[in-house]
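Owing to the predicted nature of the structure, the values given are computational and were not obtained by experimental measurement. For the single chain, residues carry numbers from 1 onward in sequence order. Just so it is clear, the values below take in all heavy atoms, side chains as well, and ignore hydrogens, waters and symmetry mates.
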Amino acid sequence: MSQNGKLMPNLDQQSTKLLNLTVLQRIDPFVEEILITAAHVTFYEFNIDLSQWSRKDVEGSLFVVKR
């Protein structure tokens, strides 16, 4: 029923992929297929001068798609 107290829909893997595809096609109608999905990612930037990574303020799901 819940994960961390949140109500979670009961969707199988194929239904979830189709739902995600539908949402992505609303944003970009040329999306044909989801190739790879990552549930949660965070962007980092590498500073060559300091030889260090810094976390950027961008995170969320990642979809690699075929257009």
Side-chain angles (χ1 to χ4, degrees):
M1 176 195 141
S2 69
Q3 182 180 4
N4 299 329
K6 296 179 182 178
L7 186 60
M8 301 297 291
N10 187 17
L11 297 174
D12 61 26
Q13 189 174 2
Q14 188 61 31
S15 296
T16 300
K17 191 171 183 176
L18 183 59
L19 179 61
N20 286 332
L21 180 61
T22 302
V23 171
L24 291 170
Q25 287 173 331
R26 284 187 205 149
I27 298 166
D28 181 354
F30 296 104
V31 172
E32 294 180 12
E33 179 184 359
I34 297 173
L35 302 175
I36 301 170
T37 302
H40 191 85
V41 297
T42 302
F43 283 140
Y44 288 82
E45 180 179 41
F46 187 72
N47 183 318
I48 295 174
D49 297 329
L50 300 175
S51 293
Q52 70 182 25
W53 291 95
S54 62
R55 186 174 177 168
K56 306 312 280 179
D57 192 25
V58 177
E59 54 185 279
S61 299
L62 173 74
F63 299 94
V64 177
V65 300
K66 176 182 174 184
R67 295 183 79 226

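- The backbone N or O of I34 lies less than 3.5 Å from a partner atom in the side chain of K17, making a donor-acceptor pair.
- Between the CZ atom in F63 and the CG atom in L24 there is a gap of 5.5 Å [rounded to 0.5 Å].
- Nearest approach of Y44 to T42, heavy atoms of both residues: CD1-O, 3.7 Å.
- Applying the 6.0 Å contact sphere to CG of L35 captures more than 12 heavy atoms from other residues, nucleotides or ligands.
- Within 6.0 Å of atom CZ in F46, more than 12 heavy atoms from other residues, nucleotides or ligands are found, so the atom counts as buried in its surroundings.
- For the pair Q25 (side chain) and V31 (backbone), a donor-acceptor distance under 3.5 Å is present.
- Between H40 and E59, the shortest heavy-atom distance links the atoms NE2-OE1, 3.1 Å.
- When all heavy atoms are compared, the tightest approach of S61 to A39 is OG-O, 3.2 Å.
- Put simply, CG on L18 and OG1 on T22 are 4.5 Å apart, with the number rounded to the nearest 0.5 Å.
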